[in-house]
Amino acid sequence: MKLLDTFGRSHTSLRLSVTDRCNIRCFYCMPSEQIEFLPRPEVLSFEELTRATKIFCQLGITKLRLTGGEPLVRRDLPELVRQLSRIPEIQEIAMTTNAILLERSAVELRSAGLHRINISLDTLDSQQFKEITRRDNLQDVMRGIQAAQQAGFTEIRLNAVAVKGLIESQIIPLARFCLEHALKLRFIEFMPLNSSGRWSDEDVLTGAKIRDIIEQDMGPLVPVKRSDPAQPASDFRLAEHDGSIGFINSVSQPFCQACNRLRLTADGKIRNCLFSQEEWDLRSLLRSEATDQRIQQTILECVKNKKAAHGIGSSDFKKPQRAMYQIGG
Ligand code: SAM
Ligand code: SF4
């Protein structure tokens with residue numbers, strides 16, 4: 001059975017949010033205070049996450065990404081990776097992390113079966129890091145990156161959120177840092193998913209603008225053919241250097257027509273889009289006597305209701321009720 005929606009898109013990728021908690025407070029994702037995290041009993045257990053994932057896999061999911069909140073604040077995360085890696089249909093398990101706690105767990109995660117890591121970092125300037133994240137952990141992130149490389153992770157990506165008026169001065173330093181450390185750099189356009197309400201299209205630094213800035217300083221960027229059509233990034237190679245830079249232009253050039261992703265929130269709700277207004281409750285099914293078939297029906301229902309596109313920029317666009325940390329980025 002395939003997870004085909006009404007627009008013919010087949011879904012093979014699942015993002016599992018393992019917690020809504022985080023050790024920092026990036027302004028584009030979370031409020032600075034008065035955050036209501038989920039009470040622990042509402043968060044799916046490892047057994048529930050593994051059972052849910054197995055059922056998704058019966059329907060065609062082959063790739064997983066662990067996210068949150070910050071996935072590394074979930075205790076014993078390598079144990080979850082071990083359980084997920086035993087599911088025969090799974091071809092890849094990846095994780096998106098702020099890397100603050102990576103130094104102590106990189107080796108264990110790799111031996112548990114984690115294949116790939118994306119690290120989120122917007123600036124190399126410690127003062128600016130503090131302004132963005134409201135915490136002082138830049139050096140921990142640096143140690144986390146080094147630990148991931150020493151543990152044998154390759155193709156590590158660094159993701160930076162492109163907020164206008166904020167990260168322009170960091171574009172070239174980040175690009176040079178990634179070249180020097182053999183990391184793949186990606187800029188993600190700032191999306192309306194923060195709970196503070198700060199977002200307008202004026203705040204988005206577009207991929208096109210960042211490309212100009214890089215080309216002026218570092219020479220031409222040559223497009224690289226997408227190996228996976230569902231891949232949201234447009235990747236480029238630097239003609240005069242030995243590295244690549246990608247752009248996830250989710251606002252200026254949405255890639256919804258190729259989207260193959262579903263999401264499971266930490267409290268067990270399935271979402272068919274980051275921006276969807278609707279969620280399907282898997283947790284109550286997992287905690288009842290529901291059979292795998294009954295759970296499959298709910299997943300199929302969610303996929304059937306997926307819209308053609310997120311609609312940012314259209315007059316009837318509504319920001320989702322939940323912020324990025326509550327959905328799982
Ligand atoms: N805590 C982990 C981290 O930061 O990598 C994983 C969760 S975080 C929500 C996932 C990704 O979403 C990060 O790369 C983060 O930078 C990105 N993100 C968060 N809020 C965003 C926003 N409003 N627009 C674009 N990207 C955002
Ligand atoms: Fe935490 Fe990631 Fe959100 Fe930053 S983007 S507050 S690191 S969950």
Side-chain angles (χ1 to χ4, degrees), residues 15-33 35 37-38 64-74 77 94-102 105 109 114 116-123 128-138 140-141 144-145 148 156-164 166-167 170 174 183-201 203-207 210 232-233 246-252 254-255 261 263-266 271 273-275 310 312 319-320 322-329:
R15 298 197 169 207
L16 289 176
S17 174
V18 298
T19 180
D20 62 339
R21 288 166 198 255
C22 188
N23 40 6
I24 55 177
R25 298 283 181 272
C26 306
F27 76 88
Y28 44 69
C29 173
M30 271 197 188
S32 56
E33 50 203 34
I35 308 172
F37 290 120
L38 292 166
L64 297 179
R65 177 168 294 279
L66 307 180
T67 181
E70 171 48 41
L72 294 176
V73 304
R74 179 87 191 242
L77 191 72
M95 174 177 72
T96 301
T97 174
N98 61 31
I100 290 169
L101 298 172
L102 195 52
S105 57
L109 284 165
L114 187 71
R116 295 201 314 110
I117 298 187
N118 285 4
I119 293 174
S120 306
L121 181 62
D122 309 317
T123 177
Q128 200 181 29
F129 185 93
K130 261 195 245 172
E131 281 160 24
I132 294 175
T133 67
R134 296 130 165 175
R135 296 289 185 275
D136 188 10
N137 293 95
L138 180 61
D140 298 311
V141 178
I145 295 172
I156 299 173
R157 289 215 183 96
L158 217 73
N159 289 336
V161 181
V163 185
K164 200 192 272 175
L166 191 70
I167 68 133
Q170 287 301 307
L174 280 172
L183 301 161
K184 290 178 175 275
L185 178 58
R186 274 195 180 160
F187 291 96
I188 310 176
E189 288 179 349
F190 177 29
M191 295 181 280
L193 286 160
N194 56 331
S195 47
S196 67
R198 175 187 160 180
W199 188 90
S200 96
D201 52 3
D203 294 321
V204 180
L205 185 64
T206 62
I210 300 175
F247 301 93
I248 303 192
N249 299 337
S250 8
V251 179
S252 65
F255 39 84
R261 280 175 290 281
R263 293 183 148 77
L264 186 61
T265 63
R271 298 176 68 93
C273 176
L274 259 179
F275 297 95
H310 59 46
I312 300 175
K319 212 164 78 89
R322 302 222 256 178
M324 187 66 128
Y325 73 100
Q326 296 166 315
I327 297 172

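Counting starts at 1 for both ligands and their atoms, in listed order. Keep in mind it's a predicted model, so treat the numbers as computed, not measured.
- Not a single heavy atom of Y325 sits under 4.0 Å from any atom of ligand 1.
- At least one N or O atom of T97 sits closer than 3.5 Å to an N or O atom of ligand 1.
- For the pair E189 (side chain) and V251 (backbone), a donor-acceptor distance under 3.5 Å is present.
- Ligand 1 lies within reach of G68, whose nearest heavy atom is under 4.0 Å from it.
- Distances between N or O atoms of N118 and those of ligand 1 include no value under 3.5 Å.
- Contact between S17 and I327 at its shortest, heavy atoms only, is CB-O, 3.9 Å.
- For ligand 1 and T67, the ligand atoms under 4.0 Å from any heavy atom of the residue are 6 (C), 7 (C).
- Under a 4.0 Å heavy-atom criterion, G69 is in contact with ligand 1.
- Ligand 1 has no nitrogen or oxygen under 3.5 angstrom from a nitrogen or oxygen of C22.
- When hydrogens are left out, the protein atom nearest atom 18 (N) of ligand 1 is M324 CE, 3.6 Å; that is the closest non-hydrogen contact.
- Protein N/O/S atoms closer to atom 1 (Fe) of ligand 2 than 2.8 Å number 1 in this structure.
- In this structure, CD1 in I24 is found 11.0 Å from CG in D136, a value given to the nearest 0.5 Å.
- By the 3.5 Å distance cut-off applied to N or O atoms, Y28 is counted among the residues near ligand 1.
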